[in-house]
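Worksheet: the structure to be examined is printed underneath.
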There are 2 protein chains.
Amino acid sequence: MGDKHILGDLQHAIMRVLWAEGEATVARVQEALEDERDRALTTIATMLVKMEKKGIVAHRSEGRQFVYRPLVSETEVQRSMVGELTDMLFGGDVTALVSHLLTEQEIDDKELARLKALIAEHRSKERRRGR
Amino acid sequence: MGDKHILGDLQHAIMRVLWAEGEATVARVQEALEDERDRALTTIATMLVKMEKKGIVAHRSEGRQFVYRPLVSETEVQRSMVGELTDMLFGGDVTALVSHLLTEQEIDDKELARLKALIAEHRSKERRRGR
DNA sequence: GCGCATCTACTACTCGGGTAGTAATACTGG
DNA sequence: CCAGTATTACTACCCGAGTAGTAGATGCGC
């Protein structure tokens, strides 16, 4: 649970397929990833084995092929990885990260407006929850 | 320049020392990192060689020891790594990242207030620049 | 049933981060 | 000048991500 769900590129790409489809065979994963890059079936299969060993996916047999499903949610992975990065780059200070986003990452007025709305919305949500 | 300044844990720890001190010898870096974890001098030295090969630090000789200095700024590294993560986890959508921070990462009222202030400040800055 | 296609299993290799021992070298104190 | 110390150079590992070939098993078409 509280594990480090830090995924590499391919692992994450595979997870995205599984999250989107609920579950998928090796062939299906490969197919879904085909436009991004062409990888051998065995590459996907090997990776899935490693991922299962790590405990982030599981499989069941359907006929003679394996159907894989995710064991961690996208949100969990996001939390892990964003948290990791925030710690590493900003000493765990979330506002420092947001500040960086505002000043160093290109953000246009439209996005800024959405951010403002997000924060306003969040505040009211907090209040509604009785904070 | 536009390179991928994606650093591992140790590399980043070393960079933090160099950023803080401007430049430092191997021994100084090790000393600064001592409280975090005890690593052999040669570990730091080897890493610095690899980092120099990557082009993110450089050294000059002072007597018989090397004095290393950073060749990339902290901001550049933050931009690279935050950008990378934003692409990987949120399809490049910065507002999605902020939204995640608001809903999934624990943010208290004080931080929220600071965020609001940040955004307000940023907006006025934009306006001042004539956007 | 034979042969071909499809799958998984196993094995192997590259690469970069991380860690460190040992060798060579240069300096320093007595 | 000589022994010990500090410092870099070289070498060697381990590990996990990623990539894929080959082998072995299993099902399918005819």
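We name chains A, B, ... by the order of the sequence lines, and we start the count at 1 in each one.
- Cluster membership check: B:Leu18 shares its hydrophobic cluster with B:Leu33, using side-chain heavy-atom separations under 4.5 Å among Ile, Leu, Val, Met, Phe, Trp and Tyr.
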Begin with the C-alpha distance, continue with both residues' side-chain angles, and end with the deciding distance and a verdict on salt bridge (charged side-chain N to carboxylate O under 4.0 Å, His left out) for A:Arg28 and A:Glu31.
-> CA-CA 5 Å; A:Arg28 178 67 197 109; A:Glu31 188 186 53; 2.6 Å; yes
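- As a whole-Å value, the separation of B:Phe66 CZ from C:dA26 C1' is 12 Å.
- Applying the side chain to side chain contact (heavy atoms under 4.5 Å, CB included) test to B:Ser99 and every residue at least two apart in sequence or in another chain returns A:Leu118.
- The separation between B:Ile6 atom CD1 and D:dA17 atom P is 17 Å, rounded to whole Å.
- Atom CD of B:Glu62 and atom C1' of D:dA6 are 15 Å apart (whole Å).
- B:Leu48 places its CG atom 13 Å from the P atom of C:dT19, with the value rounded to the nearest Å.
- By the 4.5 Å heavy-atom criterion applied to side chains, A:Glu36 and A:Asp9 are not counted as neighbours.
- Contact between the side-chain N/O atoms of A:Lys54 and the OP1/OP2 oxygens of D:dG16 is not found at any separation under 4.0 Å.
- Spacing between atom CD of B:Gln65 and atom C1' of D:dA6 amounts to 9 Å, rounded to whole angstrom units.
- The side chain to side chain contact (heavy atoms under 4.5 Å, CB included) search around B:Thr43 returns B:Leu10, B:Arg39, B:Ala40, not counting sequence neighbours.
- At the heavy-atom level, B:Val49 lies nowhere under 4.0 Å from the strands shown.
- C:dG18 atom P lies 13 Å from atom CE of B:Met15, rounded to whole Å.
- Here the CG-CD1 distance, from B:Leu7 to B:Ile14, works out to 10.0 Å after rounding to the nearest 0.5 Å.
- One atom, CG of A:Leu41, and another, C1' of C:dC10, lie 16 Å apart when rounded to the nearest Å.
- Between B:His59 atom NE2 and D:dT7 atom P the separation is 15 Å, expressed in whole Å.
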Can you give one letter per nucleotide of nucleotides 18-30 of chain D, going 5' to 3': B for a protein heavy atom under 4.0 Å from the base, S for sugar-phosphate only, - for none?
-> BBBBB----S---
